[in-house]
Amino acid sequence: MEFQDYYELTQLYTEYALAIDSGNWDDWPEFFIDECIYRLQPRENYERGFPLATLAFESKAMLKDRVYGVRETLFHDPYYQRHVVSAPAVRKWQKDRIESEANYAVFRTKLSEPSIVYNVGRYIDVVVRTSEGLKFASRECIYDTEMIPNSIIYPI
Amino acid sequence: MSDEQHIFPEELTWERTDSSRIPFMVYTDEELHKKELERLFYRDHWNYVGLEAEIPNAGDFKRTVVGERSVIMVRDDDGSINVIENVCAHRGMRFCRARHGNRPDFICPYHQWSYSRKGDLQGVPFRRGVKRDGKVQGGMPKDFKPADHNLTKLKVATRGGVVFASFDHDVESLEDYIGPKILAYFDRIFDGRELTILGYNRQRIPGNWKLMQENIKDPYHPGLLHTWFVTFGLWRADNKSEMKIDDHGRHAAMISTRGAAGKAGEVTDVSSFKDGMTLHDPRLVDIVPEDWWGGPTAVMTTIFPNVILQQQVNSVSTRHIQPRGNGEFDFVWTHFGFADDSEEMTRRRLRQANLFGPAGFVSADDGEVIEFSQEGFDSNPSHRTLVELGGREVGDTDHMVTETLIRGMYRYWRKVMEA
Ligand SMILES: [Fe+2]
């Protein structure tokens, strides 16, 4: 893998984190190709082979439906979130396709409240090259924080 | 304010003789909470502990909870299920730390006391002392009988693959406990078909455990709070629906049949209704009716005190309520399917699971409103909530514009707690 490819990959990871922490939810689906997978799954289900995910989307269109839900239909306490993501490890690399993973931690800060460790886990990704640069074909967020502090509204 | 009125009352007082105005104090008082654990969880009641499909083989176990007491549900050699308390008979340690697994027996690591799958004490190291220089040193007293020191065993009942347990060995039969009316809705899902576990979701909700029972005894809110329900006609006030309650008032079923989507008079004249809302990917509500529904598209059953049985279109789950003091509970969702489901049906159940759980398009709001209700209660326990929709009495209805099921639960609560 060329340094340029790895640089683009780390950019993708960083831009993704910054985007979903910004509150501009419409940016989120744009990190994915149309036929994509997004899963937020407790580590228990992942390791025991149970298919259930906390959220499981199978297309960019579903991600847009989630954005609409976050913005318009889900009543929730407002909060900020902040992702801290490790440098990605590349597991497999072909010309236009990268399999990579990284650790992540998400902090949640409700208005006038202290920041808490909200969701920590591992991204397991398939990244592909498109005419618009690198995009996620698949992003699985496998989280250790199985006991969710009440709810998860915004994308991880 | 008169001298007698306190924001933090010492005595619980009800504004009326009926159960239509519920004192905030039932959600905020630690002593009442302990009394609830004694009277509503540990005595006279059955508690949900899990599904048989979670422990298919001999030695399979799941660590779970009855009230606030840790218990182990384990499959015995003969295929039966035992439920034993996770507290060592020696020094009281919660010895089982794994959440699930398979074991020939249970051993407390502290002093290696070992127990069978029935919870019988089998081994006590140095029970007869240790020999040194021809002398026996120490050991348990001569009159020590292992049989007197088994783990606490719970009474167990299974029906249709669902496992219930009770610390009270004199509790009535599970069937009498649930009662014929609600048992019919229980059997509608759990009719003997083999279940397959799809997985778990867990959330910790900072509110009193009863609020979750009330949430699923409250047909008033889904068509108001939950945009998806009202917009897609999945659950709203103009649906054909029935509320059923058992003779005691403790268990209930909310039965509804999906009606029209889109606009319809006052029912959709609410801010949560989104006229013209369509999904970018309609597969999220790709609903295919199943024969066993027998008509209704959703039946939400509350079995007191600690489980909710969910059938919302193709999504089925149990939701286990696990109190943690008066102000918090864990809520564990077990989604399942049936062994004869096609691959498409499994995929559909998993897809519709996006509506439920701690991040669900519908259910994420429920945890939020419970948290904020508790905040209101904590700040002024002298006040009370109002559940007078549809009158002040308790009984079945053929509509959902009522809070009768909540009134039923508190009529029962008062009977047991004031006895
Ligand atoms: Fe709800």
Side-chain angles (χ1 to χ4, degrees), chain A residues 26 29 32 34-79 110 113 116 118-119 141-156, chain B residues 99-100 196-207 224-231 272-274 277-285 317 328 330-337 346-347 349-351 353-372 375:
Chain A
D26 288 323
F32 293 82
D34 289 346
E35 288 288 307
C36 64
I37 300 284
Y38 173 86
R39 290 163 61 79
L40 172 67
Q41 190 182 38
R43 181 168 170 175
E44 174 183 22
N45 290 354
Y46 180 78
E47 292 185 347
R48 294 178 70 181
F50 292 131
L52 183 76
T54 307
L55 289 175
F57 300 131
E58 300 159 71
S59 65
K60 187 169 168 178
M62 281 191 194
L63 301 185
K64 288 183 174 169
D65 288 324
R66 181 63 182 182
V67 168
Y68 187 77
V70 166
R71 210 173 30 217
E72 301 288 339
T73 78
L74 272 164
F75 170 70
H76 64 279
D77 218 6
Y79 64 92
K110 288 194 174 189
E113 295 290 332
I116 63 156
Y118 184 43
N119 191 269
C141 320
I142 309 299
Y143 61 91
D144 298 347
T145 321
E146 289 162 355
M147 191 58 77
I148 289 172
N150 203 345
S151 65
I152 292 182
I153 308 294
Y154 307 150
I156 299 290
Chain B
R99 203 161 43 190
H100 70 98
T196 49
I197 305 298
L198 297 180
Y200 303 99
N201 269 316
R202 300 169 192 275
Q203 62 190 128
R204 180 160 294 170
I205 300 177
L224 297 168
L225 175 65
H226 303 311
T227 295
W228 277 52
F229 276 177
V230 57
T231 303
S272 50
F273 177 74
K274 303 287 178 194
M277 171 181 163
T278 52
L279 291 172
H280 292 94
D281 192 330
R283 287 179 298 175
L284 284 166
V285 285
S317 76
E328 183 174 87
D330 288 347
F331 200 39
V332 178
W333 305 62
T334 306
H335 282 255
F336 61 90
T346 301
R347 208 171 306 133
R349 296 196 200 289
L350 290 166
R351 218 175 259 145
N354 282 307
L355 274 64
F356 306 103
F361 279 104
V362 172
S363 296
D365 323 38
D366 289 319
E368 296 284 290
V369 297
I370 286 174
E371 179 174 352
F372 309 150
E375 286 180 1

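Computation of the quantities below employed the complete heavy-atom set of this structure, encompassing side-chain atoms and omitting hydrogens, waters and symmetry-equivalent molecules. Proteins get letters first, then strands, A, B, ... in listed order; numbering begins at 1 in each.
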Between the side chain of A/Ser59 and the main-chain N/O of A/Met62, is any donor-acceptor distance below 3.5 Å? yes
Relative to chain A, which segment of B/His226 carries a heavy atom at a distance below 4.5 Å: side chain, backbone, both, or neither? neither
Which portion of A/Asp65 sits near chain B, non-hydrogen atoms under 4.5 angstrom: both
Indicate yes or no: does A/Glu146 engage B/Arg99 in a salt bridge with an N to O separation below 4.0 Å. yes
What residue, out of A/Gly69, A/Ala56, A/Pro42, has the most heavy-atom pairs lying under 4.5 Å from chain B? A/Ala56
Given that the side chain runs from C-beta out, which part of A/Tyr143 has a heavy atom under 4.5 Å from chain B: side chain, backbone, both or neither? side chain
Decide yes or no for A/Glu72 and B/Met277: does some side-chain heavy atom of the first lie under 4.5 Å from some side-chain heavy atom of the second? no
Select one option (side chain, backbone, both, neither) describing which atoms of B/Phe372 are under 4.5 Å from chain A's heavy atoms. side chain
Against chain B, work out which of A/Arg66, A/His76, A/Gln41, A/Lys60 has the most heavy-atom pairs shorter than 4.5 Å and name it. A/Arg66
Step through the shown structure and confirm whether more than 12 heavy atoms of other residues, nucleotides or ligands are within 6.0 Å of CZ on B/Arg204. yes
Please tell me if the side chains of A/Ile152 and A/Thr54 come closer than 4.5 Å, counting only heavy atoms from C-beta onward. no
Test your reading of the model: is there a side-chain donor-acceptor pair from B/Asp365 to the backbone of A/Phe75, 3.5 Å cut-off? yes
Given that the side chain runs from C-beta out, which part of B/Leu350 has a heavy atom under 4.5 Å from chain A: side chain, backbone, both or neither? side chain
For B/Ser272, is there any backbone N or O sitting under 3.5 Å from a side-chain donor or acceptor partner on B/Thr227? yes
Given heavy-atom pairs under 4.5 angstrom as the criterion, report whether the side chain, backbone, both or neither of B/Trp228 touches chain A. side chain
Side chain from CB out, backbone as N, CA, C, O: work out which of these in A/Arg48 comes under 4.5 Å of a heavy atom of chain B, or both, or neither. side chain
If we define contacts as heavy-atom pairs under 4.5 Å, which of A/Leu74, A/Val70, A/Thr145, A/Ile153 has the most with chain B? A/Leu74
